[in-house]
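So you know, we letter chains A, B, ... as the sequences are listed, proteins then strands, and number each from 1. Below, each value reflects all heavy atoms present in this structure, side chains not excepted, and no hydrogens, waters or symmetry copies. Just so it is clear, the structure is predicted and the values come from calculations on it, not from any experiment.
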Amino acid sequence: MKKIYLDNSATTSMNNEVKNEMDKCISKVYGNPGSFHREGLIAKNAVADSRERVSKIIGSKSSEIVFTSGGTESINLAIKGRAFAMQGKKKHIITSTIEHPAVLETCRYLEKKGFEVSYISPDKDGLIDVNEVEKSIREDTFLVSIIYANNEIGVIQDINKLSKICNAKNITFHTDACQAAGYLDIDVKNLGVDMMTLNGSKIYGPKGVGLLYVKTGTLIEPLFHGGGQEMNKRAGTENVPGIMGFAKALEIVVDEREIEVERLTILRDKLIEGIIKKIPKTKLNGHAKKRLPNNVNVSFLDVEGEAILLYLDSKGVYASSGSACTSSTLDPSHVILAMGIPYEYAHGSIRFSLGKDTTAEDIDYVLEILPEIVENLRNISPFNVDEKKLEVKNE
Amino acid sequence: MSKSLKVLKDKSCSEISDKGDGFSHDGNSWFYTDKVKEHFFHPVNIFRTTEEAKEFEKIADGVGMVGSPACGDGMKMFIMVDQKNDRLKEVKWQTYGCGTAIASTSAFSVMLTKKGGMKIDDALKITPKEIADYIGGIPPRKFHCSVLADKAFREAVNDYFRKTGQLERIKGEKVEVIDNVLKITTADIEHAVLEGAVDFEAVQRKTKVGIHDKNCIPKVKELIEKYKEKYYGDE
């Protein structure tokens, strides 16, 4: 059976070169980087070398890189770590309603602890209005956290403008760049960010490893206390093979970025255009151009997303849905709803996220099977929603 | 090859199963059993086109519909009744729903019509849990999807009773206001439990029950236990 993996925003497969690098490391480097002997030194050098390579890619000092267990931990460290450092001084955070749950849930947790959070909604295309962020800034605002490129709809925010506003008012700016890493500029100087989250599992690297860039002078409280690793910002013996694999993976995606962006943009647009043309009552979610080259997120009226996923799965196509039935809360995607898109569309949303192995033939195959799947499900549906009567509310 | 190495090799990643029931990160069963999938991919008693459904609606003895496109699920059921014997001759359906809704409704329609059709009174006694058991179980968190079929069926039967003048047989759901401030009803609590809120805190998060009307809290807790028992049994 065919196997077409179009869920690269959930996680990517591992690049063979990365695997080889990690295999080498696992069999040769086993010491604890904190040990005072030759094996320890080898491990310490391995981590230092990775830190150096990663810092070169993002344009930072190596002392500004904190290796973590992945995107969620980096985000927690950035937001909670910064909040705890500011406790008793300032208490206001600004973020958006289309963040990854790692940001939203961390902010909700901090609200319970006495912090105050403003959540900015995007427009109907998923774009955050920079002016609105600026208007929300208060005397006691100390942190703004906005996702660089959204994980569900792939919409890219103007990080540079956002960081400029924050820098001018001495507010720390953090961005979650997990989805952006393979496709966009992640140079921290160009972006002007104070903190940035990256992880390995979205860039053909290992799962369970990520980093937080913390600009010198940005104070954060550690979340893990122990042996003082990672410049006292994250205790715990380093995940040496993971860190080495992560550095290698980041080097490869950045190296191949330009070619991949060009190649995937063509495939993305082919898929979007094909779906809209072949299947009636369909809508693209998120801005058509200001989106990641690998993200296609479309809604089909009168069909439920999970049912589409099951059919796709049976034909060897793996995607994901913002349908209520595939979420653990049984609520449809908060990102799609935040754009003011009606529930009728949210329940029938499907995300195809392309990757390095996606070919034009794969896209052709999806375009060949998808219309029939949607048609079959519409045939057994008692509804026939008039799309002209559905309004997108955020203007 | 040494023994320990062989064991390792046997358990390599390539041997990880892609079959059957799985569990999501929150520990709840997530993927469907092969039995559910079979009903999903090959549903029975459905219409092949919307025109076919429209034609059938004209001749059906009873039609019932619940849900809406905004809710994310909807179900329409059509019944034909052998009036002399008070048995179900045909049960057809349409659904806008997920895998569970489609599979459980398909299975339910088979249960109702096999062996010459069920007596209406017996059919009304079937619980959502029995439907779930019939298809080998469904993930607990998807339970509310399977209840749609049951509700639409009851609506269809009531419609039949109305059309044939058997008004005394119509059973409405007894809905009672529990929270007098927010006018939250027993049906709202039932709905919340079906959506997986199985303790008071979770039900309150979903419905806001008991925030202003604190007197209703003990009664709500009782109801939650009742609906838990009804839908989830001893699990």
request  = Could you walk me through whether Ser9(A) and Asn151(A) pass side chain to side chain donor-acceptor pair (under 3.5 Å), step by step?
outcome  = CA-CA 6 Å; Ser9(A) 294; Asn151(A) 50 309; over 6 Å; no
request  = Tell me, for Val303(A) versus chain B, whether the close heavy atoms (under 4.5 Å) come from the side chain, the backbone, both or neither.
outcome  =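 Interface part for Val303(A): backbone (N, CA, C, O).
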key: Segment of Tyr311(A) engaging chain B (4.5 angstrom heavy-atom cut-off)   =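 For Tyr311(A), the contact with chain B is made by backbone and side chain together.
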key: Contact winner vs chain A - Pro43(B), Ala101(B), Gly97(B), heavy-atom pairs under 4.5 Å   =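 So the answer, after comparing Pro43(B), Ala101(B), Gly97(B), is Gly97(B).
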query = Under a 4.5 Å heavy-atom cutoff, which of Arg48(B), Glu51(B), Glu52(B) has the most pairs with chain A?
reply = Arg48(B)
query = Can you say whether Phe40(B) sits under 4.5 Å from chain A via the side chain, the backbone, both, or neither, judging by heavy atoms?
reply =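 For Phe40(B), backbone and side chain are both near chain A.
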task = Quick one: pull up CD1 in Ile75(A) and NZ in Lys80(A) and give me the separation to the nearest 0.5 Å.
result =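 These two atoms lie 11.5 Å from each other.
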inquiry  = Is the shortest side-chain heavy-atom distance between Thr197(A) and Cys178(A) below 4.5 Å?
reply    = yes
message = Side chains of Lys356(A) and Asn8(A): any donor to acceptor distance under 3.5 Å?
response =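 Note: Asn8(A) and Lys356(A) side chains miss the donor-acceptor criterion.
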inquiry  = Which one wins on heavy-atom pair count under 4.5 Å against chain B: Glu375(A), Glu344(A), Arg378(A)?
reply    =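 That would be Glu344(A).
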request  = Count the heavy-atom pairs under 4.5 Å between each of Asp302(A), Leu377(A), Leu301(A), Val385(A) and chain B, then report the option with the highest count.
outcome  =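 Of the candidates given, the most pairs with chain B belong to Asp302(A).
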query = Between Phe47(B) and Phe78(B), what is the ring plane arrangement, given parallel below 30°, perpendicular above 60°, and tilted in between?
reply =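 Perpendicular: the ring planes of Phe47(B) and Phe78(B) meet at over 60°.
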request  = Describe, in one word, how the ring planes of Tyr134(B) and His39(B) are oriented to each other, choosing from parallel (under 30°), tilted (30 to 60°) and perpendicular (over 60°).
outcome  = tilted
